[in-house]
Amino acid sequence: MANRRANPEPFTEVTENAQLFADERVRVLLPLPLGEAYDYALPPGMTVEAGSIVEVPLGQRRVTGVVWDATPAGGKVAAEKLKPVIRVFDVPPLPEVGRRFVDWVAAYYLAEPGTVLKMSLSAPAALEPPVPTVGYLRGEGDPEALGLRLTPARRRVLSVLADGPPRPAAELAREAGVSAGVIKGLADAGVLERVAMYDAPGFEVPADAPEGPALSESQAAAARSLSAKVRDGFSVTLIDGVTGSGKTEVYFEAVKAALRQGRQVLVLLPEIALSAQWLERFAARFGVAPAVWHSECTQAQRRATWRAVARGEAPVVVGARSALFLPYPDLGLVVVDEEHDQAFKQEDGVPYHARDMAVVRARLGGFPAVLVSATPSLESLENVRAGRYDSVHLPERHAGAQLPDIEAIDMRADRPPPIQGHGQSFIAPSLRDAVGETLAAGEQALLFLNRRGYAPLTLCRACGHRLQCPNCTAWLVEHRLVDSLQCHHCGYMARVPQSCPECGAEHSFAACGPGVERLHEEVKALFPEARVALMASDTVTGPAAAARFIESVQNREIDLLIGTQIVAKGNHFPYLTLVGVVDADLGLAGGDLRAGERTYQLLHQVAGRAGRAERPGRVMLQTYEPVHEVIQALVSGDRDRFLAVEAENRRKAGMPPFARLAALILSSPDEAAVDAVARALARAAPQGEGIEVMGPAPAPLAILRGRHRRRMLLRTRRDIAPQPLLRDWLRQVEVPGKVRLSVDVDPYHFL
DNA sequence: AGCACGCCGACT
DNA sequence: GTCGGCGTGCTC
């Protein structure tokens, strides 16, 4: 049931101390890639202030923009050419700190300010006044005096309304057990009064939440120190603690401290859509649900949340990275949970890193940022080491549960035997036995394989032809569940052909290597009795499906779960005691800068799914390289030594976090045109002490969506900001329209 | 980002 | 002869 309230909704007050513009010229930043704010004429009688959200004409259309800074002196566009501001929206102005943040992000990532602003204006419907529902109250009119017969139905309506708040007709009719006609009749006669009702945001989080669970000494100390920081302006603290060490409980105390100060709190999660468990935890602690913001929110939810945030009526927002750009009037704490997660790096649109920008937002707003992880990023650890960030260690596992025992299976010695009728198999005998024992004990097992579909490569046995994407330099992956071939890079889909497109041989395709669907097949052959479920992004479509899956595992309706990294994210399965990582080497190939770090983080997180209740967990890693430092680190549990080695390798190689990188990606359907621009860029490359340019080279995905791609990499010493170099560099090179040049500052992926 | 203006193929 | 394809370019 929606919360409603009868107080008037519209926002009309003028912000205190606001500098109202009386000039006839205002600068308006539009959420478009225009390079700069445009000047508009302010019609007589209309007043705006910096941050006012306005509608202006642009060419043939009307767009929403934000009055950006103080009135420009003069301006380069002649006053006669200025078009007038059409209207000012009746919402609070975008706060000063939010505007500075947009400018900061745009400058850092060399993006157009307008494209960054677009992320702040992401709920257009929120700007329009809400449409009220009609509510009914007991009115002045006396039924007797009006000569109205008090039928039992009418009497029930009046008695329902006697005690309380106004209700919409449908609700009132249901409560009183009458038809809508009775209510309408009473209202028309004047016995009931009609009032406008607005959906209340319902995001209020009490500042005096009940006491949480008892904290251990170290947790309590950490909580106290974080809570104290909430009063002390900007700081960054890394909470570094293993799964189950109570990190969430600790930062909840900081949330509570910020709420007590009357300030807003933002918690960023990597994939909010999959974190129903986090929301339950929050609700259990604070008694209410927080405002939620992510890409899967409906238009109505976005509208309500944006509005509530802007009006200061959403004390706690939990969201994906884009929640950083909401118009908080008084943000007082930002928490980045799972701070190492690469999902915080946005790759399309403006490529920004939400963890880093959360720190920037905290600095601009003068409040603390808290980064949380069981496997912190090397960046954050280096910031701690250098004294830029504080850190809090939460060593012990809470409530006596044991860390899982991790072992490596050497696949060279413990080879999976072929299965009749299935060809290759991928589960080593020792893992198979362990799964058998686990199921026999009535416990659950998870087989983790971070590869969607049936097989990563399909080829023709007759001629060796490999099924390739027509638009990309990538193999097509067969998805048997939906009977299609898919490109995981561009979304291309096709039916599996009957015969080889190259040699025409019939039924000649052979699957190479495992995907989760193929693993599923093998598992069904090995454990025909087990109830098996497959969890991948194509079987889990959206948060509701994810919640159903998780629930069925928790209810023990499933014995054996097969999943991609979608299962790694923060789900708690109390009866899961065995995790088998089918291909622990998978992420290590390819020579990516962060391959080792990422694989360690992912497998550590997957391993954490095992044995979280009172049952001890067991984790088995299938590997062809058991001596690899990542595998060794997981098996020995010596995370810090691994990170030290990894950091030392990066330092020696002159790579982040000990240097700065920026990638240039050129793309065009016309290969010659891309190469011409690449050569021109190479000629104009910046030079100097501590500056290095690599490339151009074909990108690892040399053709993506039909566009030829070239990469260049600028590397600078940590103390040299790459942005001025990049700006200077790009200014010198003419880029024809059909060639796209994008800049990725602090790149994470090297595709 | 839209939307218009602008030059080349299949249709009333 | 027009309707319409989407390639370039502008929007205060």
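Chain A is the first sequence line, chain B the second, and so forth, proteins listed ahead of strands; every chain is numbered from 1. When reading the values below, keep in mind they use all heavy atoms of this one structure, side chains included, and skip hydrogens, waters and symmetry mates.
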**A/R710/A/D675 ion pair, N-O < 4.0 Å** = yes

**Asked** Does the ring of A/Y748 carry A/R594 above it, NZ/CZ under 6.0 angstrom from centre and within 45° of its axis?
**Response** yes

**Prompt:** Could you give the CG-to-P distance, from A/L82 to C/dT11, as a whole number of Å?
**Reply:** 13 Å

**Asked** Are side-chain heavy atoms of A/T458 and A/L476 found at a separation under 4.5 Å?
**Response** no

**Asked** Using a cut-off of less than 4.0 Å, is there contact between a side-chain N or O of A/K81 and OP1 or OP2 of C/dC12?
**Response** no

**Message:** What contact category does A/L34 fall into here, base, sugar-phosphate, or nothing, at under 4.0 angstrom with non-hydrogen atoms?
**Reply:** base

**Prompt:** For B/dG2, does OP1 or OP2 lie under 4.0 Å from any side-chain N or O of A/R61?
**Reply:** yes

**Prompt:** Is A/P57 touching bases, backbone alone, or none of the nucleic acid, heavy atoms closer than 4.0 Å?
**Reply:** sugar-phosphate

**Request:** Could you tell me the separation between the CZ atom of A/R62 and the C1' atom of B/dC3, rounded to a whole number of Å?
**Result:** 16 Å

**Request:** Using the test salt bridge (charged side-chain N to carboxylate O under 4.0 Å, His left out), find all partners of A/R321 that sit at least two apart in sequence or belong to another chain.
**Result:** none

**Message:** How many whole angstroms separate atom CG of A/L58 from atom P of C/dG9?
**Reply:** 18 Å

**Prompt:** Atom CD of A/Q60 and atom C1' of C/dG9: how far apart are they, to the nearest Å?
**Reply:** 14 Å

**Distance, rounded to the nearest Å, where A/E55 contributes CD and B/dG2 contributes P** = 14 Å

**Message:** Output the rounded distance in Å from CG (A/L32) to C1' (B/dA1).
**Reply:** 5 Å

**Request:** Report the distance from atom CE of A/M119 to atom C1' of B/dA1, rounded to the nearest whole Å.
**Result:** 15 Å

**Request:** Please state how far atom CG in A/L29 lies from atom P in C/dT11, giving the value in whole angstrom units.
**Result:** 17 Å

